[in-house]
Amino acid sequence: MLLGDEAIAQGAIDAGISGAYAYPGTPSTEIMEYIMNSNDAKDKHIRTGWSANEKTAMEAALGMSYAGKRVLVSMKHVGLNVAADAFINSAITGANGGLVILAADDPSMHSSQNEQDSRFYGRFAMIPILEPSSQQEAYDMMIYAFDISEKFEIPVLIRIATRLAHSRAGVEQHTSREQNEIRLPSEPKQFILLPANARRRYKLLLRNQAMFEEASEKSSFNVYFDGSDKSLGIITCGIAYNYLLENFPDRDIPNPILKIDQYPIPRNLVEKIYYSCDELLILEDGYPLVEELLKGFLATGKKIKGRLDGTLPRDGELTPNIVGKALGKEFEETRPIPEIVKGRPPQLCKGCPHIYTYEALNDSLLEYTRGRVFSDIGCYTLGALEPFEAINTCVDMGASITMAKGAADAGFTPAVSVIGDSTFTHSGMTGLLDAVNDNSSITVFILDNATTAMTGGQKSSAYGKIEDICMALGVGKDHIHVIDPLPKHHDVNMEIFKKEIAYEGVSVIIPRRECIQTVARRLKMAKKIKEVHATK
Amino acid sequence: MKRDIILSGVGGQGILSIANVIGLAAIEAGLHIKQAEVHGMSQRGGDVQSNLRISDREIASDLIPKGQCDMILSVEPMESLRYLPMLAPEGWLITNNKPFVNIPDYPEMEDVMKEIESIPNNIAIDADRLAKEMGSARSANMIVLGAASPYLGIEIKVLENAIKKLFKSKGENVINLNLKAFGMGKHIAEKKADETVSS
Ligand SMILES: Cc1ncc(C[n+]2csc(CCOP(=O)(O)OP(=O)(O)O)c2C)c(N)n1
Ligand code: SF4
């Protein structure tokens with residue numbers, strides 16, 4: 001029984017990767033965690049570990065591919081925004097050793113800021129995309145993805161969504177491949193994207209589109225099922241296929257179905273279903289990518305139903321019921337949620353070090369007008385909720401420092417940023433450099449809980465380095481303070497907070513105390529180890 | 001045979017231990033399984049749920065269709081009600097009735113119980129108290145699972161084996177406590193079934 005994420009990880013190991021790179025992000029985190037904990041991967045000396053951010057992960061992966069080895073890089077969908085520069089350009093350089101990029105989308109935003117659809121990135125880069133519909137397919141596709149990546153010398157994007165990433169099912173393992181030897185690209189200038197080379201490489205990429213499309217036509221992952229009821233043809237992408245099947249317990253679907261799990265979109269197969277049916281229904285999780293393409297701007301062809309015409313909701317993930325309704329099924333009224341049931345939002349853990357920091361921060365800002373706290377993404381984003389209501393923004397990783405800087409530059413001072421340790425080394429450092437270079441009047445709170453807590457407590461790249469980094473970026477030594485976020489130090493802490501918030505320049509305050517979840521986990525591990533030794 | 005089950009509770013209450021037992025048992029019984037878990041937020045205290053599907057036929061969707069869920073298995077009473085739109089008309093609602101109060105507007109327990117009892121097939125047990133009396137406060141979830149066991153479509157022996165497997169590394173004592181808790185829950189469910197039949 002493997003999670004979709006784990007099936008991907010095992011598939012990559014079995015496909016013969018030499019390394020995996022990632023930055024944590026729901027719902028992709030378990031991929032790297034699985035490889036890190038896999039004895040199989042250890043025996044094979046597969047490189048694992050968390051990168052500082054998705055861009056550094058993507059670039060390291062590209063380097064491993066350059067050296068001829070197979071490599072997986074995984075991230076959540078918004079991580080691909082961070083890695084986009086390297087990602088798009090990797091389509092121009094092409095791959096040497098098999099290079100697979102996994103992006104995990106989060107339609108319905110279970111734990112994300114948006115529900116962007118990574119298939120658009122794949123199309124933008126003009127590379128093949130695979131979108132598994134089941135855990136088994138996810139495993140199988142990894143092997144196949146590395147095959148086509150090496151055959152076509154191109155990076156391959158795998159797109160999954162939360163429901164596959166975080167659902168378990170039985171998976172059969174069937175491959176175990178040796179790793180590649182180090183072997184440099186046959187074309188020595190392939191990776192030098194000077195305009196002259198880049199133009200040549202781009203033309204090659206354009207020429208290769210036909211080849212990628214042919215692979216889609218022939219792919220065993222793209223399947224045409226004929227049906228007798230030609231009044232409607234159904235195209236499904238990825239897991240949408242499962243929701244269609246779910247509506248037919250005996251699997252007796254009367255309509256022709258085209259199941260698309262590999263892109264570029266297979267033109268011949270699409271033409272076949274288009275011309276043999278009166279109307280089409282497109283079922284895809286995420287944005288209406290296929291639907292929009294088939295419909296066309298002028299929508300002059302046959303009727304295409306989906307998210308754009310209201311047959312399906314425009315946003316949010318698909319479910320069996322939503323798909324059933326689109327097929328005209330009537331559902332009986334179900335019981336409502338009783339009115340007495342109240343919302344139960346996630347909260348900072350009891351004893352979380354962020355709690356004191358927010359209470360003290362609120363206190364120290366009492367003398368100013370509100371709206372000055374620019375925050376970021378992590379457990380500490382919960383400071384937006386009651387009882388703290390301590391922060392005013394949360395946009396993308398790193399934006400706390402730069403947005404505070406922009407507001408300060410506008411004359412809105414003091415401006416305060418609140419950022420986690422992992423987020424700081426992910427994308428905060430460069431913004432701090434901007435602030436130092438401009439001597440912007442901001443106070444940056446780097447909440448150092450010694451881990452990447454939000455995503456489950458992964459190692460933070462910032463560990464043990466924060467003060468040195470701030471100093472090296474040019475923050476004055478006298479304006480860097482490490483404090484212990486506990487009520488018993490309140491008087492000392494308030495003095496520092498107030499002084500630095502009033503200071504006209506860049507200051508950094510580092511409340512340092514470990515996340516209680518990782519402390520608990522450490523103690524549990526220690527106890528276990530002791531027990532093992534005791535029984536020996 | 002198919003059972004679509006929603007497991008619910010509050011983050012940190014350990015609903016996945018229940019999912020794991022049912023999952024292991026289903027494998028031993030040769031059934032197909034899909035289990036959509038909750039991951040991500042490490043913080044505690046928010047509502048969590050997991051979709052667990054077992055069937056002797058291949059399962060298509062990772063998500064249970066609305067109104068077709070055979071059982072809501074909850075370790076917190078108010079949370080058991082959050083998923084009522086998913087429950088089939090004849091479905092079971094089985095829950096620990098010990099409230100986990102971490103919000104200011106938690107409803108009156110009396111009202112919560114009224115809603116639970118309005119579901120024709122319901123079992124609400126004070127698993128926390130029973131587990132404590134048994135001397136194993138951490139086994140409350142196994143009592144709840146025990147209460148569900150007559151309706152899971154899996155042999156009791158197979159479920160017990162799964163408990164043994166799951167707690168194997170924790171030693172004989174922990175296994176026995178959990179088996180005892182499981183048995184206690186099962187007994188309560190059976191007693192309730194008898195009462196319903198005779199009244
Ligand atoms: C580009 C991007 N990558 C990853 C994530 C997922 N993510 C959200 S918060 C977070 C890390 C938070 O760690 P830290 O800053 O140390 O704060 P903590 O949760 O420990 O308080 C991650 C990885 C994201 N939202 N955006
Ligand atoms: S997981 Fe750690 S950082 Fe996050 S809320 Fe809990 S104690 Fe705080």
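Lettering of chains follows the sequences in order, A, B, ..., and the numbering in each one begins at 1. Hydrogens, waters and symmetry mates are skipped; everything else that's a heavy atom, side chains included, is used. Note that this is a predicted model, so its numbers are computed, not measured.
- Among E37(B), K34(B), K2(B), R57(B), the residue making the largest number of heavy-atom pairs under 4.5 Å with chain A is E37(B).
- Heavy-atom distances place no part of L244(A) under 4.5 Å from chain B, backbone and side chain included.
- Under 4.0 Å is where a charged nitrogen must lie from a carboxylate oxygen, and between R251(A) and E58(B) no such pair does.
- Two residues are said to be in side-chain contact when any heavy atoms from C-beta on lie closer than 4.5 Å; S50(B) and I15(B) meet this criterion.
- Proximity to chain B is limited to the side chain of Q135(A), based on heavy atoms less than 4.5 angstrom apart.
- A salt bridge does not link E160(B) to K164(B): none of the charged side-chain nitrogens sits closer than 4.0 Å to a carboxylate oxygen.
- When each of P107(B), S61(B), P89(B), P104(B) is checked for heavy-atom pairs under 4.5 Å with chain A, S61(B) comes out on top.
- Contacts of L318(A) with chain B are made by backbone atoms alone, with heavy-atom separations under 4.5 Å and no side-chain atom involved.
- Interface remark: A19(B) contributes no atoms to any contact with chain A (heavy atom separation under 4.5 Å).
- For the pairing with K259(A), the salt bridge (Lys or Arg N to Asp or Glu O under 4.0 Å) check across E137(A), E284(A), E131(A) returns one residue only, E137(A).
- If you measure heavy-atom distances from E115(B) to chain A, the contacts under 4.5 Å come from the side chain alone.
- For chain A, the option among P85(B), A88(B), S169(B), S118(B) with the highest count of heavy-atom pairs below 4.5 Å is P85(B).
- Contact record, N247(A) with P320(A): ND2-O, 2.9 Å, taken as the closest heavy-atom pair.
- The closest donor-acceptor contact from the side chain of T518(A) to the backbone of C515(A) lies under 3.5 Å.
- With contacts defined as side-chain heavy-atom distances shorter than 4.5 Å, the pair Y243(A)/R163(A) qualifies.
- Both the backbone and the side chain of V112(B) have a heavy atom closer than 4.5 Å to some heavy atom of chain A.
- Ranked by non-hydrogen atom pairs under 4.5 Å with chain A, the options I103(B), V10(B), D47(B) are led by D47(B).
- Put simply, the side chain of K192(B) reaches to within 4.5 Å of the side chain of N122(B), judged on heavy atoms.
- A perpendicular orientation is assigned to the rings of Y380(A) and H354(A), their planes being inclined by more than 60° (bins at 30° and 60°).
- With respect to the salt-bridge test (charged N to carboxylate O, under 4.0 angstrom), the residues E76(B) and K98(B) do not qualify.
- When each of R53(B), H32(B), M86(B), E108(B) is checked for heavy-atom pairs under 4.5 Å with chain A, R53(B) comes out on top.
- Interface remark: N51(B) contributes no atoms to any contact with chain A (heavy atom separation under 4.5 Å).
- Of the two parts of D250(A), the backbone and the side chain both hold a non-hydrogen atom closer than 4.5 Å to a non-hydrogen atom of chain B.
- Among the candidates C352(A), P336(A), S167(A), the residue making the largest number of heavy-atom pairs closer than 4.5 Å to chain B is S167(A).
- Proximity to chain A is limited to the side chain of I27(B), based on heavy atoms less than 4.5 angstrom apart.
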